[in-house]
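Please read the structure below before turning to the comments.
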Number of protein chains: 2
Amino acid sequence: MSDKTNTEKAYRLLREDIVSGRLAPDLKLKIEMLRQRYSLGASPIREALARLSGEHLVTLEGQRGCQVAPMSINDAHDIGRMRKMIEAEALRLAIPAGNQSWEDTVITSFHRLERVERRSDQGVDDLAEWEILNGRFHQALVSACGSPWLLRIRSLLFDQHERYRRLSRMRTVLTRDINEEHRRLMEAALDRDAEEAVKIIEVHVERTTDAVVDALQQNSDMAVSLVAS
Amino acid sequence: MSDKTNTEKAYRLLREDIVSGRLAPDLKLKIEMLRQRYSLGASPIREALARLSGEHLVTLEGQRGCQVAPMSINDAHDIGRMRKMIEAEALRLAIPAGNQSWEDTVITSFHRLERVERRSDQGVDDLAEWEILNGRFHQALVSACGSPWLLRIRSLLFDQHERYRRLSRMRTVLTRDINEEHRRLMEAALDRDAEEAVKIIEVHVERTTDAVVDALQQNSDMAVSLVAS
DNA sequence: GCCTATTAAAATATCGATATTTTTAACTGT
DNA sequence: ACAGTTAAAAATATCGATATTTTAATAGGC
């Protein structure tokens with residue numbers, strides 16, 4: 001791997017396990033357990049956890065260790081609303097400012113994403129790949145916005161949203177033509193029609209949020225019915 | 001102090017020293033130096049640095065330690081613009097939503113701030129106090145917005161802006177009637193006039209950014225002339 | 001039975017020592 | 001003088017051991 005240090009390795013592995021849901025929300029993250037899971041020492045793991053707490057992927061309480069950051073329907077709505085606002089603003093700035101190499105990156109990342117989205121037999125491995133390519137496409141669209149802080153905040157919200165997105169993705173793939181949404185987004189961007197692109201991204205994010213909330217609601221209904229039975 | 005652990009203490013002290021400028025931008029943060037500065041062990045300091053890197057107050061490169069995050073005129077503009085946008089949105093949500101206890105907090109924090117701002121003989125200690133009370137007042141105004149993520153992002157940008165603000169504050173106090181700006185902000189909020197409050201906060205943030213950029217420009221001119229001489 | 005106090009176990013936080021890597025300094029031959 | 005090489009010093013990263021705190025278990029009193 002390309003990790004210079006064990007701290008970076010721990011950071012990368014932990015992050016991936018949290019965002020993907022392999023480490024469930026609210027799970028107590030005991031050092032000893034993580035030490036064994038990743039075959040790393042305690043120090044690198046502690047530092048990785050400290051870093052992740054700065055990104056709000058883990059909560060950290062003095063003398064009481066840490067947990068995977070909680071997830072909730074309210075939080076899903078909140079993140080969705082914020083992401084919608086920030087993505088829209090970034091597009092408004094990026095689309096008029098994009099140059100030739102921006103166009104190239106948008107087109108390339110779209111086509112790489114499309115290849116996976118159009119594939120008929122999507123296995124579990126493809127989903128991990130889809131997340132990466134989807135992230136790159138959205139990143140490419142806003143990359144020309146000229147504001148490092150806007151990009152940073154966008155990236156933060158995108159990653160948080162991804163955690164929720166993964167919950168509902170299996171169903172989403174069946175009921176939504178995401179590739180079509182992405183195509184229209186790319187076309188509006190290349191036509192330099194910022195307001196059209198903003199409308200599309202807003203609906204895009206809203207739909208994702210709705211799907212996530214549906215999935216969460218179903219889960220919590222399940223939990224309730226299990227407790228009741 | 002109320003630090004449960006040494007890591008928290010290191011985090012608090014380091015953060016304060018970076019935001020206040022006592023640790024200059026780009027300064028190499030060597031563990032041994034910090035160990036002596038704060039009389040703490042290496043582990044708590046390393047963890048505090050990892051956390052601060054998550055907040056973009058220090059940069060962190062594998063095997064090569066860390067530095068205080070750089071400052072630049074471009075960055076000042078960027079943060080100012082983002083902060084303006086986020087504060088405005090937060091006020092738009094908070095003002096219609098605020099209840100009685102929100103009003104109380106706004107009024108109380110305003111008066112505590114005013115007491116310091118109206119004091120004729122402002123010493124160095126007062127400036128540290130002013131920063132705290134100013135932060136609490138702005139925090140109080142938006143606290144009712146109902147969006148934890150909006151508040152989090154606002155707080156991040158506010159703190160980053162504070163780093164820059166401190167550069168220009170000495171002069172700002174002389175040329176701007178900040179207390180008057182704060183008073184008008186509070187009155188618009190209590191009148192539930194969100195759009196008026198947004199206008200005021202936008203100008204408020206813009207003026208701060210302009211003052212900061214002026215100060216930075218002057219500094220970099222100085223640096224150039226020193227090199228030239 | 002239930003609450004509280006005491007103790008045992010587990011987990012976190014932190015130190016000191018060591019291994020690794022980077023940076024600095026000295027050296028060599030051209 | 002200078003580029004390239006090597007050795008020494010400094011700094012970072014990491015481990016293992018220990019101290020401290022929290023959590024769990026247990027026993028005693030009401």
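Computed from a prediction, not measured in an experiment: that's the story for all the values here. Letters go in sequence order (proteins before strands), and every chain restarts at 1.
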Nearest nucleotide by nearest heavy atom, which residue falls closer to the 5' end of DNA chain D, Ser43(A) or Arg64(A)?
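Whichever sits nearer the 5' end wins; that is Ser43(A).
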Identify, between Lys4(A) and Lys28(A), the residue whose nearest nucleotide on DNA chain C lies closer to the 5' end.
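Taking each residue's closest nucleotide, the earlier one in sequence belongs to Lys28(A).
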Could you check how far [atom1] of [X] sits from [atom2] of [N], rounded to whole Å?
{"X": "Ile31(A)", "N": "dA13(C)", "atom1": "CD1", "atom2": "C1'", "result": "10 Å"}
{"X": "Ile45(B)", "N": "dT12(D)", "atom1": "CD1", "atom2": "P", "result": "11 Å"}
{"X": "Gln67(B)", "N": "dT12(D)", "atom1": "CD", "atom2": "P", "result": "11 Å"}
{"X": "Glu47(B)", "N": "dT12(D)", "atom1": "CD", "atom2": "P", "result": "16 Å"}
{"X": "Glu32(B)", "N": "dC15(C)", "atom1": "CD", "atom2": "P", "result": "13 Å"}
{"X": "Arg46(B)", "N": "dT14(D)", "atom1": "CZ", "atom2": "P", "result": "7 Å"}
{"X": "Leu49(B)", "N": "dA11(D)", "atom1": "CG", "atom2": "C1'", "result": "14 Å"}
{"X": "Gln63(B)", "N": "dT20(C)", "atom1": "CD", "atom2": "P", "result": "11 Å"}

Exceeds 12 heavy-atom contacts within 6.0 angstrom, atom CZ of Arg92(A)
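Counting other residues, nucleotides and ligands, CZ of Arg92(A) exceeds 12 neighbours.
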Net bend of the helix from dG1(C)-dC30(D) to dT30(C)-dA1(D), end axes of five pairs each, nearest 10 degrees
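The angle, to the nearest 10 degrees, is 0°.
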Would you please confirm or rule out a distance under 4.0 Å between OP1 or OP2 of dT12(D) and any side-chain N or O of Thr5(A)?
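Answer no for this pair, as no side-chain N or O of Thr5(A) is under 4.0 Å from OP1 or OP2.
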Do any side-chain nitrogens or oxygens of Asn6(A) fall under 4.0 Å of OP1 or OP2 in dT14(D)?
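Affirmative; the distance criterion is met.
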Is any side-chain N of the basic residue among Glu162(A) and Arg166(A) closer than 4.0 Å to the acidic one's carboxylate O?
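Here Glu162(A) pairs with Arg166(A) in a salt bridge, since their nearest N and O are under 4.0 Å apart.
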What nucleic acid atoms does Leu29(A) come within less than 4.0 Å of, heavy atoms only: base, sugar-phosphate, or nothing?
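Sugar-phosphate contact only - Leu29(A) comes under 4.0 Å of backbone atoms but never of a base.
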Any chance the side chains of [X] and [Y] put a donor and an acceptor closer than 3.5 Å?
{"X": "Gln160(A)", "Y": "His56(A)", "answer": "no"}
{"X": "Tyr164(A)", "Y": "Asp75(A)", "answer": "yes"}
{"X": "Asp104(B)", "Y": "Gln100(B)", "answer": "yes"}

Is it true that His161(A) and His138(A) have ring centroids separated by less than 6.0 Å?
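No, the ring centres sit 6.0 Å or more apart.
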Where the side chain of Pro44(A) is defined as all heavy atoms beyond and including C-beta, which of dT12(D), dT14(C), dC15(D) is the nearest nucleotide?
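Within the option list, the nearest is dC15(D).
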With Glu8(A), which residues qualify under salt bridge (Lys or Arg N to Asp or Glu O under 4.0 Å), at least two apart?
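Testing Glu8(A) for salt bridge (Lys or Arg N to Asp or Glu O under 4.0 Å), a comparison that skips the adjacent residues, returns none.
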